[in-house]
Amino acid sequence: MHPQLNVAIKAARRAGNLIQRAAQDVGRLTVSKKAHADFVSEVDRAAEQVILEVLQEAYPDHAFLGEEGGASGDSPYCWIIDPLDGTTNFLHGFPLYSVSIALTHQGVVTQGVVYDPVHNDLFTATRGSGAFLNDRRIRVSGRTRLDESLIGTGFPYSHMTHQERYLRMMAEVMRKTAGLRRPGSAAIDLAYVAAGRYDAFWELDLKVWDIAAGTLLIQEAGGLVSDLDGEGRFLETGNVVAGSPKIFGQLLPILQNA
């Protein structure tokens, strides 16, 4: 295993342990709003600090970009951190949330970890070396028919800029697939595509820390990822379409035309 990935795993597990301890009594947590239906808790901040401590001890010269702490440092290497993806789920006791850590080198994602502390599922990838779930190699789904496929998504919650377009997309996809799922953690959604639990996924207006690790997982598991234009600018635009090659090719034009 790549040493940088090992360090990311160590950081993700420490954050996951902190999160799960806090989950025993979420009612005692201090919570604030960043925007409508967009919450941040003291656990988000504490988990990010734990991650930073581990990463900075190993790589003090690297740059860092965290959802809560923002950007720091100047280096060709940058760690991108979402300490608790699915905060609303966490605060409601809904058992689906994750820690997401990625490393970029000169803007290219090279390492990715998505850790689900509830189920102790650890998804990992190193560019060029495949994707894994708990040390077992994973591949995207082998389904070929869209009407037999399960699709993951996320819909607007804190601002409604794309609400009408999303509803058109959802209506078209509902008619043409076996079902839609919206668990509420984009990092887990992407990891599920990599593991073949979904056949594809799409969402609009995501942040780079939501998707950097998960999109590498999919690529290393044999899947495809693009923005809504079918281009590779998804980390910049935050608009993501991902899936197994056969289903991705059928889903993308539906979303583009909705």
Side-chain angles (χ1 to χ4, degrees), residues 8 35 38 62-67 70-71 73-82 85 98 100-114 123 125-129 131 140 151-170 172-173 182 185-194 198-258:
D38 188 5
H62 286 189
F64 300 88
L65 174 62
E67 178 177 10
D74 182 14
S75 169
Y77 290 94
C78 182
W79 293 93
I80 301 175
I81 304 159
D82 192 339
D85 186 47
S98 61
S100 177
I101 302 174
L103 175 65
T104 63
H105 180 236
Q106 296 181 337
V108 177
V109 182
T110 58
Q111 311 290 339
V113 173
V114 174
F123 300 86
T126 294
R127 184 167 294 278
S129 298
V140 294
I151 310 298
T153 191
F155 44 73
Y157 60 94
S158 63
H159 61 87
M160 302 300 168
T161 306
H162 299 291
Q163 181 183 28
E164 292 184 5
R165 186 180 186 190
Y166 174 77
L167 291 173
R168 294 195 301 272
M169 290 176 171
M170 185 174 70
E172 287 298 310
V173 174
R182 196 277 189 185
S185 169
I188 285 184
D189 286 323
L190 293 166
Y192 279 12
V193 173
Y198 292 153
D199 301 290
F201 168 82
W202 95 93
E203 188 168 352
L204 309 179
D205 277 345
L206 291 165
K207 303 299 185 183
V208 65
W209 46 76
D210 298 320
I211 60 179
T215 51
L216 178 64
L217 289 170
I218 293 170
Q219 291 167 333
E220 288 299 314
L224 299 176
V225 187
S226 80
D227 57 23
L228 281 174
D229 295 323
E231 304 295 335
R233 297 179 60 248
F234 48 88
L235 293 179
E236 302 166 47
T237 66
N239 299 328
V240 176
V241 184
S244 63
K246 293 284 187 183
I247 304 305
F248 173 91
Q250 297 171 62
L251 177 63
L252 180 60
I254 293 172
L255 300 175
Q256 290 174 328
N257 295 324

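None of the values given here were measured: they were computed from a predicted structure. Throughout, numbering of the chain's residues begins at 1 and tracks the sequence.
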* Structure fact -> Taken to the nearest 0.5 Å, the spacing of Asn239 CG from Glu231 CD works out to 13.0 Å
* Looking only at heavy atoms, what is the nearest atom pair of Leu217 and Ala125, with distance? -> CD2-CB, 3.6 Å
* To do: For His62 and Leu103, run side chain to side chain contact (heavy atoms under 4.5 Å, CB included): C-alpha distance rounded to whole Å, both residues' side-chain angles, the deciding distance at 0.1 Å, then the answer.
  => CA-CA 10 Å; His62 286 189; Leu103 175 65; 4.2 Å; yes
* Asked: Does the gap between the ring centers of Trp202 and Phe234 come in under 6.0 Å?
  -> no
* **Candidate pair Leu204 and Leu228, rule side chain to side chain contact (heavy atoms under 4.5 Å, CB included), full reasoning** => CA-CA 9 Å; Leu204 309 179; Leu228 281 174; 3.3 Å; yes
* Backbone of Gly128 reached by a side-chain donor or acceptor of Glu220 within 3.5 Å -> yes
* Under 30°, 30 to 60°, or over 60°: which ring-plane class applies to Tyr198 and Tyr192, parallel, tilted or perpendicular? -> perpendicular
* To do: State, without any angle test, whether Asp85 and Ser185 hold a side-chain donor-acceptor pair at a distance under 3.5 Å.
  => yes
* Distance only, no hydrogens: is a donor on one side chain within 3.5 Å (strictly under) of an acceptor on the other, for Gln111 and Thr126? -> yes
* Structure fact -> Shortest non-hydrogen pair, Ala242 vs Leu190, comes out as CB-CD2, 4.3 Å
* **Ser98 to Val114 - nearest heavy-atom pair and separation** => CB-CG1, 4.1 Å
* To do: Identify the heavy atoms of Val109 and Thr104 that sit nearest to each other, and give their distance.
  => CG2-CG2, 3.8 Å
* Asp74, CG: over 12 other non-hydrogen atoms inside 6.0 angstrom -> no
* Roughly how far apart are Asp205 CG and Thr237 OG1, rounded to 0.5 Å? -> 8.5 Å
* Roughly how far, to the nearest 0.5 Å, is CD of Glu67 from CG of Asp82? -> 4.5 Å
* **Ile254 CD1 to Arg168 CZ distance, which is reported to the nearest 0.5 Å** => 14.5 Å
* Can you measure from CG (Asn257) to CG (Leu252) and round to the nearest 0.5 angstrom? => 9.0 Å
* Where is the tightest heavy-atom contact between Ser100 and Ala213, given as atom of each residue plus distance? -> OG-CB, 3.5 Å
* Asked: Under the side chain to side chain contact (heavy atoms under 4.5 Å, CB included) criterion, do Leu65 and Val208 qualify, and how do the steps go?
  -> CA-CA 9 Å; Leu65 174 62; Val208 65; 3.7 Å; yes
* To do: List the steps, then state whether side chain to side chain contact (heavy atoms under 4.5 Å, CB included) holds for Thr153 with Met170.
  => CA-CA 9 Å; Thr153 191; Met170 185 174 70; 5.9 Å; no
* With a 4.5 Å limit on heavy-atom distance, are the side chains of Ile151 and Ile247 in contact? -> yes
* **Euclidean distance, Leu167 CG relative to Glu172 CD, rounded to 0.5 Å** => 12.0 Å
* Asked: What are the two closest heavy atoms between Leu216 and Gly112, and how far apart are they?
  -> CD2-N, 3.6 Å
